[in-house]
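Note sheet for the following structure.
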Amino acid sequence: MHTTDTTGKVKRLALIGEITIATALILLLAATGVVFAMAVMDQDFARTQLADGFQNLVRLSNGQTAGAMALGFAPNLIGAAMLFFAWRLFHGFRRDGVFTQKAGARLRMMGGLLMILVPVGMLSELAVTALLSMNEASDQRHVSVSLDEGDIYAISIGLTILAVGHIMAQAAQLADENRSFV
């Protein structure tokens, strides 16, 4: 009876996780979509969003503006993919159980995405600042890349999730093999 109670609790908690992650994913995609749509429809809005420290954004071509906005959204797409795999993880917990090879694979994917979020964000920032400073005077052009403690935490947590995913997948495989001998 205790196992049934525990299974029911896990399924309820997994459902809460699914709903929470789905809500976050929908909000992220909606906000990104609204900002992107507004930027596409109104170049002045896009230039205002990009204006941080640049003097000559008015001279940006529509292609430069669209390119900068698209590059700026790259980290959001990786974040959305990570949230999607988190949703799949909780969905799998409800459907298949917690300690499965699929759960390990989803954890590995989430950890990998979290780890690449930092370099993609850095490269995105580098590309955007280079693109935006193209129209500046030659002595005013610059590129910008930053790494802060949050980035270090993201990489460390991503590595940890990746390791836990590998361990979970191995443990699930061993458990499957042991069950087949019994």
Side-chain angles (χ1 to χ4, degrees), residues 1-36 67-130 143-182:
M1 181 151 176
H2 179 52
T3 305
T4 304
D5 290 343
T6 304
T7 302
K9 286 180 185 178
V10 167
K11 286 185 177 194
R12 281 191 300 278
L13 290 171
L15 179 61
I16 291 168
E18 271 186 90
I19 292 167
T20 303
I21 296 295
T23 302
L25 181 59
I26 289 166
L27 290 173
L28 173 65
L29 292 175
T32 301
V34 165
V35 171
F36 195 74
M69 291 298 289
L71 287 168
F73 285 124
N76 289 9
L77 295 177
I78 292 175
M82 191 174 64
L83 287 173
F84 173 73
F85 280 100
W87 177 84
R88 299 251 344 244
L89 178 72
F90 284 112
H91 183 73
F93 286 168
R94 274 191 332 117
R95 192 185 61 218
D96 305 323
V98 175
F99 299 107
T100 65
Q101 290 184 37
K102 287 180 183 178
R106 289 177 184 132
L107 281 170
R108 287 193 313 263
M109 182 61 78
M110 288 171 56
L113 287 168
L114 185 56
M115 284 176 29
I116 68 166
L117 186 60
V118 172
V120 166
M122 291 172 67
L123 290 173
S124 172
E125 181 181 355
L126 176 73
V128 167
T129 57
V143 293
S144 173
V145 175
S146 64
L147 181 70
D148 61 25
E149 65 274 357
D151 296 331
I152 303 299
Y153 291 136
I155 291 171
S156 300
I157 292 168
L159 278 169
T160 302
I161 293 170
L162 190 66
V164 169
H166 278 289
I167 292 167
M168 183 181 275
Q170 272 309 124
Q173 182 180 358
L174 288 171
D176 290 344
E177 289 172 5
N178 286 341
R179 275 193 289 275
S180 68
F181 288 120
V182 175

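The model shown is predicted, which means the values in this text are computed figures rather than measured ones.
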Quiz item: Is there side-chain contact between Phe73 and Val35, with at least one heavy-atom pair below 4.5 Å?
Solution: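 Answer yes - side chains close enough.
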Self-check item: Validation row: Asp176, Thr100 side chains within 4.5 angstrom (heavy atoms)
Solution: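 No, too far: nothing below the 4.5 Å cut-off.
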Locate the shortest heavy-atom distance separating [X] from [Y]; write the atom from each residue and the value.
X	Y	answer
Ser146	Met122	O-CG, 3.6 Å
Ala86	Met110	CA-SD, 3.5 Å
Ala14	Phe93	CB-CB, 3.8 Å
Ala127	Leu71	CB-CD1, 3.6 Å
Leu114	Gly158	CD2-N, 3.5 Å
Ser124	Pro75	OG-CD, 3.9 Å

Within this structure, what is the [atom1]-[atom2] distance for the pair [X] and [Y], rounded to the nearest 0.5 Å?
X	Y	atom1	atom2	answer
Phe90	Phe85	CZ	CZ	15.0 Å
Leu174	Arg179	CG	CZ	10.5 Å
Arg95	Glu18	CZ	CD	9.5 Å
Leu83	Ile26	CG	CD1	11.0 Å
Leu28	Ile21	CG	CD1	11.5 Å
Ile161	His166	CD1	NE2	12.5 Å

Quiz item: Does CE belonging to Met109 count more than 12 external heavy atoms closer than 6.0 Å?
Solution: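 For Met109, atom CE is not crowded (no more than 12 foreign heavy atoms under 6.0 Å).
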Exercise. List in chain and number order the residues that pass side chain to side chain contact (heavy atoms under 4.5 Å, CB included) with Gln170, two or more places apart in sequence or in another chain; answer none if no residue qualifies.
Key: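 Applying side chain to side chain contact (heavy atoms under 4.5 Å, CB included) to Gln170 gives Gln173.
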Quiz item: Can you name the residues that form a side chain to side chain contact (heavy atoms under 4.5 Å, CB included) with Arg12, not counting sequence neighbours?
Solution: Lys9
Exercise. Run through Leu123, Leu147, Ile78 and flag the one making a side-chain contact (heavy atoms from CB on, under 4.5 Å) with Val118.
Key: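 With Val118 as partner, Leu123, Leu147, Ile78 yield a single side-chain contact (heavy atoms from CB on, under 4.5 Å), made by Leu147.
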Run the side-chain donor-acceptor check on residues 149-157: report pairs under 3.5 Å with partners two or more places apart or on a different chain.
residue : atom : partner : partner atom : Å
Asp151  : OD2  : Asp148  : N            : 3.1
Ser156  : OG   : Ile152  : O            : 2.9

Quiz item: Given the rule in the side chain to side chain contact (heavy atoms under 4.5 Å, CB included) test, do Trp87 and Leu25 qualify, once you have shown the distances and angles that lead to the verdict?
Solution: CA-CA 9 Å; Trp87 177 84; Leu25 181 59; 5.5 Å; no
